[in-house]
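One structure is given below, encoded as structure tokens.
As a basis for the values below, the full set of heavy atoms in this structure was taken, side chains included, without hydrogen atoms, waters or symmetry mates. All of these numbers come straight from a predicted model, not from anything done at the bench.
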Amino acid sequence: DILVVGPDWFSKLSGSGGDVAGAAKSVRSLRAVRLLRLLRLLRLMKLQKLMNKVYDMIDSEYIFIVFTMIQLIVAILVLNHVIACMWYLIGVETRN
């Protein structure tokens, strides 16, 4: 959800101040961010196809469970990293 709403928040927080050139610059940067988001989604689709191939190759239930646990641990680590980055940003922004 944050990835979808983030660029809109960015444009609101940066504020164009009624400046036409600033508004055009914000629109261009938003389009670039949305394009990058689309490319990231395409990469996720490729990753999902790869994961399905790996699941199909696994014959042992034990290996399947271990692989699923590793996948969950990596997801938790990534989520923790994102939350830590957000807290760091809050700390840096409130310090000034």
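A distance of 5.5 Å separates CG of Leu89 from CD of Glu93, quoted to the nearest 0.5 Å. Remark: Ile73 CD1 to Met69 CE distance equals 5.5 Å, nearest 0.5 Å. Rounding to the nearest 0.5 angstrom, the gap separating the CD1 atom in Ile65 from the CD1 atom in Ile58 is 10.5 Å.
By the rule that hydrophobic residues join a cluster once side-chain heavy atoms approach within less than 4.5 Å of another member, Met51 and Met57 end up as members of separate clusters. A single hydrophobic cluster is not seen to contain both Ile70 and Ile76; linkage of ILVMFWY side chains at heavy-atom distances under 4.5 Å, directly or through other members, places them apart.
The side-chain hydrogen bond (donor to acceptor under 3.5 Å, both in side chains) analysis of residues 60-70, with sequence neighbours excluded, yields no pairs.
Qualifying ring-ring contact (aromatic ring centres under 6.0 Å, His included) partners for Phe67, counting only residues two or more places apart in sequence or in other chains: Tyr55.
In this structure, Ile83 shares a hydrophobic cluster with Leu79, Trp87, Ile90, the cluster being traced through Ile, Leu, Val, Met, Phe, Trp and Tyr side chains under 4.5 angstrom apart.
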